[in-house]
J.: 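One structure follows; several queries about it will come next.
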Amino acid sequence: MSVEYGLTLTLLAFMLLAAWALARSDDLLAAVMLAGIISLASAAVFTVMDAVDVAFTEAAVGAGVATLLSVRALGVLGERRAAGRARVGLPFLVVLVCGGLLLYGTADLPAYGDPAAPAMQHVAPHYLARGGVETGVPNIVTAVLASYRGFDTFGELVVIFTAGLGVLTLLAGSGVSGARSEVDAGDRDIIVRQVVKWLVPFVLLFALYVQFHGDYGPGGGFQAGVIFAAGMVLYALTFGLPRLERVLPPSRLRLLAATGVWLYGGVGVACLLRGGAFLDYAVLAEDAVDGQHLGILLVELGVGLTVFSVMVLIYRAFTRQRHGGVE
Amino acid sequence: MNGVAHAWLIVALMMSGLYIVMASAHLFKKLIGLSVFQVSVFMLYISLGVVEGAAPPIVEPGVDAYSNPLPHVLILTAIVVGIATMALALALLVRIRRAYGTLDEAALAAKDEDA
Amino acid sequence: MSAAWLPVLPVVAPLLAAPLWLVVRRPQVAWWGSMAVGAVAFAAAAALLVTVLRNGPVDYAFGGWPPPIGIAYRIDLLGAFVLVLVSGVSWVVSWAGGRGVEREVDEPRRALFFSAYLLCLAGLSGMVLTGDLFNLFVFLEISSLSTYVLVAAGRDRRALPASFRYLIMGTVGATFVLIGIGLLYAGTGTLNMADLAARLPEAFDRRAVHTGIVFLIVGIAIKAALFPLHHWLPDAYARAPGVVSAFLAATATKVAIYVFIRVVFFVFGAQATLEALAVQHTLTALAAAAVVFGSWAALRQDDTKRLLAYSSVAQIGYIVLGLMLADVAGLQAGLTHLFNHALMKGALFLALVAVVYHGGGQRLSDLAGLGARMPLTAAVIVIGGLSLIGVPLTAGFVGKWLLVEAAAAKGAWWLIAVVVVGSVFALGYVGRMLEALYFRAPAAQGGAGIAEAPLGLLVPALVLAAANLYFGIDTRLSAGLAGRVAAALGGAG
Amino acid sequence: MSAVVDGLAWAAIGLGVFVCFSGAFGLLRFPDFYSRLHAAGVTDTLGAGLVLLGLMLQAGWSLAAAKLALILLFAWVSGPTASHVLARAARHDGLEPWTGAEGRRR
């Protein structure tokens with residue numbers, strides 16, 4: 001057994017412990033934190049498994065954004081404990097059947113790390129051997145994501161957009177507007193204010209680095225959008241939502257969210273107009289590889305724009321809610 | 001020699017997530033269970049693409065063995081779908097709590113009986 | 001318009017139009033715009049169908065990457081047929097959107113409502129057209145997320161828990177699909193459906209492949225609301241705004257069944273899957289149970305929308321029964337009923353939107369006396385109801401008759417008994433609606449304001465009702481095309 | 001790389017791991033919130049600092065070392081700030097420090 005495999009197994013066992021604690025706990029905040037821990041541990045597992053882009057995203061999204069939104073929502077909900085009686089019989093049966101089936105199905109999978117596995121044989125070698133040459137992008141994950149399977153990524157962008165649209169639709173008209181101390185004042189503590197004031201520009205700079213360096217290293221539009229949004233949220237937490245809204249009014253955020261989708265789709269349509277297939281970046285420039293590079297740059301920018309603005313819109317929608325209470 | 005023990009652990013984690021989804025009476029906790037369920041599916045995918053001793057799929061001169069990038073791409077998409085679902089579900093919970101004053105499944109059902 | 005645009009237009013047009021209503025937040029503009037986009041999508045779908053009929057399947061490689069390296073569409077007769085149905089019915093239903101949202105959706109949500117509608121349409125169309133398993137998952141999620149929003153967009157607070165329950169069930173289902181795709185990839189190394197079909201025979205003895213197939217089928221069955229995985233459906237349909245119920249009942253479950261057909265018959269190969277994994281017996285039994293249980297439950301409902309929703313559970317049973325006969329006649333029956341059921345439920349749910357418009361309720365007793373006050377709406381309910389029972393000269397008859405014929409040819413007499421039992425129950429629940437409409441006096445004097453609904457609601461309902469009659473007589477487009485599709489499938493399986 | 005640098009690097013990493021471990025031990029065993037916070041803070045600054053220092057020595061003069069230095073800087077700013085905010089929140093909620101007068105409390 002290799003060291004890496006042992007590390008993976010240890011981390012998985014640790015996650016299983018956390019899941020066990022999660023299942024037993026009635027405390028909702030503890031449940032959120034345990035889920036965050038599981039997510040962060042999975043990011044470590046992804047790193048061990050060479051999936052650096054995935055690890056990056058899971059750490060930013062699963063451990064970061066999901067935890068942030070959950071804690072925000074818990075505050076708005078005013079719920080602390082899950083007191084109701086759990087059902088046991090049917091869930092246990094279903095889990096037993098599904099788990100048994102999966103154990104059966106995974107039993108003859110190729111061993112961990114086997115380079116001769118069927119999954120390694122057919123399509124993947126093409127990406128690894130030709131991806132860098134055909135797209136001019138050394139990070140093959142970015143090449144597959146933005147070009148070979150660019151239509152999936154367009155769909156993924158629409159999914160995020162749909163979520164933002166859905167949150168705005170569901171929470172429309174039920175928010176609080178006008179002055180409210182908790183939302184408005186932010187944090188008055190001088191240490192926090194000073195630290196955040198110094199930190200936010202670096203967070204934004206890092207986001208830009210991740211956005212434009214995604215061709216060469218882990219990163220890309222999605223991770224960059226999340227980090228940029230995190231910088232904005234940090235700013236709003238410290239200096240109050242109104243200060244952020246002065247820079248980024250909701251109407252502008254909505255426009256940006258739409259613009260990201262249009263940019264991605266627009267690149268696709270531009271390819272159509274120039275006689276290629278939808279999202280065939282090769283027709284965008286004289287040289288096919290230059291076209292690929294340009295197309296990937298533009299669609300990643302679209303992803304970054306929409307992800308960033310949707311994240312901030314969602315955060316704002318939850319923060320603007322009245323706490324607790326019944327209609 | 002590596003085996004498929006990682007798959008057993010992942011399946012166990014997956015099933016604990018699914019169990020929390022189905023067994024919890026509280027809607028918020030169901031949602032948390034759902035995210036554990038999804039994370040473990042992500043790990044199943046990524047584990048399919050590991051090549052022992054290979055590098056992450058970022059092409060560099062002098063390296064000739066890389067892990068399979070395709071599962072990574074798929075799971076990046078799936079992570080995004082997961083957070084999108086979660087955000088939407090949390091917004092629904094805010095509305096449910098405001099309309100009913102509870103997030104307990106049995107209590108919710110009871111409130112609509114007498115309405 | 002160039003042929004290169006046709007395959008992408010039904011998906012990309014609504015996707016690019018949807019963000020507009022986040023910026024221009026005017027409900028009227030959003031409604032007109034969405035109808036225009038719906039028309040474009042429908043026209044493109046119809047043109048695609050014509051192209052496929054003339055020249056055979058259309059292939060489209062996104063990004064110019066040939067499959068299985070890139071994502072590709074392969075649009076055959078089946079896909080084009082279902083796409084025309086989905087985009088056509090959703091377009092007609094969207095006509096009713098303008099008036100429909102007035103009563104059932106609060107002002108700040110109306111413009112965004114149409115965005116979600118377009119996204120849902122795009123998601124469903126993408127699921128129909130795609131030839132790539134993972135792309136299927138992505139578009140499944142686009143349609144699902146927008147559906148949760150649509151269901152919860154109305155004023156009825158009971159829609160909120162219904163939508164949440166649907167979200168949990170739907171996400172578990174989608175994750176099952178994801179597990180299935182992953183295991184199939186582990187066994188074969190590909191995500192492209194056609195490529196997978198070619199590579200499966202040599203990989204079929206791998207356990208990962210068996211398990212993948214089972215998880216994929218269970219995940220799709222949740223989305224298709226196949227008994228006993230139908231729990232999310234009655235509440236979601238009954239509590240959603242009426243226009244949404246009409247839209248979903250006519251399209252969402254149909255697309256899920258279409259995906260099932262595509263995966264089982266094209267990718268896995270009917271013989272191998274149905275026999276080796278005992279899928280056929282299990283699903284036939286479940287479908288028969290769906291018919292009996294759904295019809296019986298519909299009979300016991302007091303709420304008209306829940307009644308129709310349970311009836312949908314039963315109709316899904318009929319469709320799957322036909323498919324599981326797994327011969328040309330059975331497939332033709334299933335596909336025909338799939339087509340016709342979309343028309344029936346679309347018409348009936350739209351008629352209920354018209355009933356609610358002037359302050360009517362959605363209980364059976366609220367229909368009392370409406371036969372005289374709302375003659376046209378009542379006529380739509382009559383036609384849709386008769387079609388649901390399967391009375392000759394309505395669309396509903398055609399599918400059921402084909403199903404009975406197909407069953408008789410195979411000597412499956414018990415299956416005919418199931419159809420008869422279901423139809424008798426249907427006679428019962430439709431009869432209760434008609435009895436309330438025509439033979440019961442209005443409950444109180446209070447409903448004096450109740451009159452015929454505005455044209456904006458009536459026209460789409462009447463169009464769909466007329467379609468029920470038309471396709472009951474002229475079956476070239478429905479059963480005829482379904483027959484050709486089935487013949488092609490029979491060859492493939 | 002010279003053996004001296006290599007040895008120094010491993011010494012730093014080893015010491016860092018020990019500090020992290022003792023921090024975790026303190027987090028579990030210390031009697032009240034504030035002292036536990038103290039233990040956790042050690043992990044953040046000294047533990048992570050030593051490990052990162054060791055890694056920088058391993059990396060030599062390269063871009064990776066510069067990135068590690070930036071991470072170190074970030075950890076040294078964010079860690080104490082987070083501890084500060086946590087302690088302040090606890091104080092704000094009226095949590096009194098343990099003085100040994102009333103036995104262990106959780």
Side-chain angles (χ1 to χ4, degrees), chain A residues 98 101-102 104-110 117-124 126-127 130 134 147-152 154-156 158-159 161-166 168-170 172-173 251 254-255 257-262 265-266 268-269 271-272 275-283 295 327, chain C residues 2 4-5 8 12 15-16 18-20 22-23 60-65 68-71 106-109 112-113 115-116 119 122-123 126 132 134-135 138-139 141-142 145-146 148-149 152-153 157 179 183 185-192 195 199 203 206-212 214-215:
Chain A
C98 289
L101 196 59
L102 277 171
Y104 164 84
T106 50
D108 73 344
L109 277 184
M120 311 294 175
Q121 297 311 319
H122 185 43
V123 182
H126 177 95
Y127 296 139
R130 307 278 312 143
E134 286 177 347
S147 186
Y148 293 107
R149 299 190 67 87
F151 192 57
D152 265 356
F154 184 41
E156 164 194 346
V158 172
V159 167
F161 177 82
T162 309
L165 180 102
L168 291 187
T169 311
L170 290 171
S251 59
R254 287 197 296 266
L255 182 63
T259 307
V261 177
W262 287 329
V269 173
C271 298
L272 278 177
F278 192 73
L279 296 175
D280 183 359
Y281 313 133
V283 299
E327 259 167 17
Chain C
S2 135
W5 287 72
V8 286
V12 170
L15 279 187
L16 288 181
L20 270 174
L22 192 65
V23 181
Y60 193 88
F62 281 90
W65 301 113
I69 302 297
I71 295 170
D106 283 327
E107 214 283 327
R109 300 202 175 96
L112 299 179
F113 175 89
S115 285
L119 288 170
D132 187 280
F134 197 81
N135 194 241
V138 172
F139 278 83
E141 285 290 8
I142 294 178
L145 285 181
S146 44
Y148 311 142
V149 178
R157 75 167 185 178
I179 296 173
L183 289 174
Y185 176 71
T188 61
T190 187
L191 294 166
N192 182 278
D195 194 32
R199 295 173 69 85
R206 294 206 175 105
R207 286 169 169 199
V209 170
H210 301 174
T211 314
V214 171
F215 269 85

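Note that the coordinates shown come from a computational prediction; the quantities given were computed from them, not determined experimentally. Values below: all heavy atoms of this structure, side chains included; hydrogens, waters and symmetry mates excluded. Each chain gets a letter, A, B and so on, in the order the sequences are listed, and its residues count up from 1.
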J.: Determine the option with the most heavy-atom pairs under 4.5 angstrom with chain A, choosing from C:V23, C:V149, C:L16, C:V12.
T.: C:L16
J.: Using a cut-off of under 4.5 Å on heavy-atom pairs, state which of C:G187, C:A61, C:P68 scores highest against chain A.
T.: C:P68
J.: Give a yes or no on whether the backbone of C:I69 and the side-chain of A:Y127 come within a donor-acceptor separation of less than 3.5 Å.
T.: yes
J.: Most heavy-atom pairs under 4.5 angstrom with chain A, which of C:N135, C:L191, C:D195?
T.: C:N135
J.: Quick check on the interface: out of C:I71, C:D106, C:L145, who has the most heavy-atom pairs with chain A under 4.5 Å?
T.: C:I71
J.: Does C:R109 reach the main-chain N or O of A:L170 with its side chain, forming a donor-acceptor pair under 3.5 Å?
T.: yes
J.: Could you tell me the separation between the CZ atom of C:F139 and the CG atom of C:L119, rounded to the nearest 0.5 Å?
T.: 10.5 Å
J.: Output the option from C:V8, C:N192, C:V138 having the highest count of non-hydrogen pairs under 4.5 Å with chain A.
T.: C:V138
J.: Between atom CZ of A:F161 and atom CZ of A:F154, what is the distance when rounded to the nearest 0.5 Å?
T.: 10.5 Å
J.: Look at A:R130, A:E134, A:Q121, A:M120 and state which one has the largest set of heavy-atom pairs under 4.5 Å with chain C.
T.: A:E134
J.: Among C:I179, C:T188, C:L183, C:L112, who wins on heavy-atom pairs under 4.5 Å with chain A?
T.: C:L112
J.: Can you tell me how far the NE2 atom of A:H122 sits from the OG1 atom of C:T190, to the nearest 0.5 Å?
T.: 4.5 Å
J.: Measure distances from C:F134 to the heavy atoms of chain A and classify the residue's part below 4.5 Å as side chain, backbone, both or neither.
T.: both
J.: Return the option, out of A:D152, A:L109, A:T162, with the maximum number of heavy-atom pairs under 4.5 Å with chain C.
T.: A:D152
J.: Heavy atoms, side chains only, cut-off 4.5 Å: are A:L102 and C:F215 in contact?
T.: yes
J.: Which of the residues A:V283, A:L272, A:V269 is involved in the greatest number of heavy-atom pairs with chain C at under 4.5 angstrom?
T.: A:L272
J.: I'd like to verify something: which residue of A:P118, A:G266, A:G155 has the highest number of heavy-atom pairs under 4.5 Å with chain C?
T.: A:P118
J.: Among A:V261, A:V123, A:T259, A:L255, which residue has the highest count of heavy-atom pairs closer than 4.5 Å to chain C?
T.: A:V123
J.: Please list, chain by chain and in numerical order, all residues satisfying side-chain hydrogen bond (donor to acceptor under 3.5 Å, both in side chains) with C:R206, sequence neighbours excluded.
T.: none
J.: Tell me which of these, A:G150, A:S147, A:G276, has more heavy-atom pairs under 4.5 Å with chain C than the rest.
T.: A:S147
J.: With no hydrogens and no angle check, is any side-chain donor or acceptor of C:S115 less than 3.5 Å from a backbone partner on C:A18?
T.: yes
J.: Determine the interplanar angle of the A:Y148 and A:H126 rings, folded into 0 to 90°, and report it as parallel if under 30°, tilted if 30 to 60°, perpendicular if over 60°.
T.: perpendicular
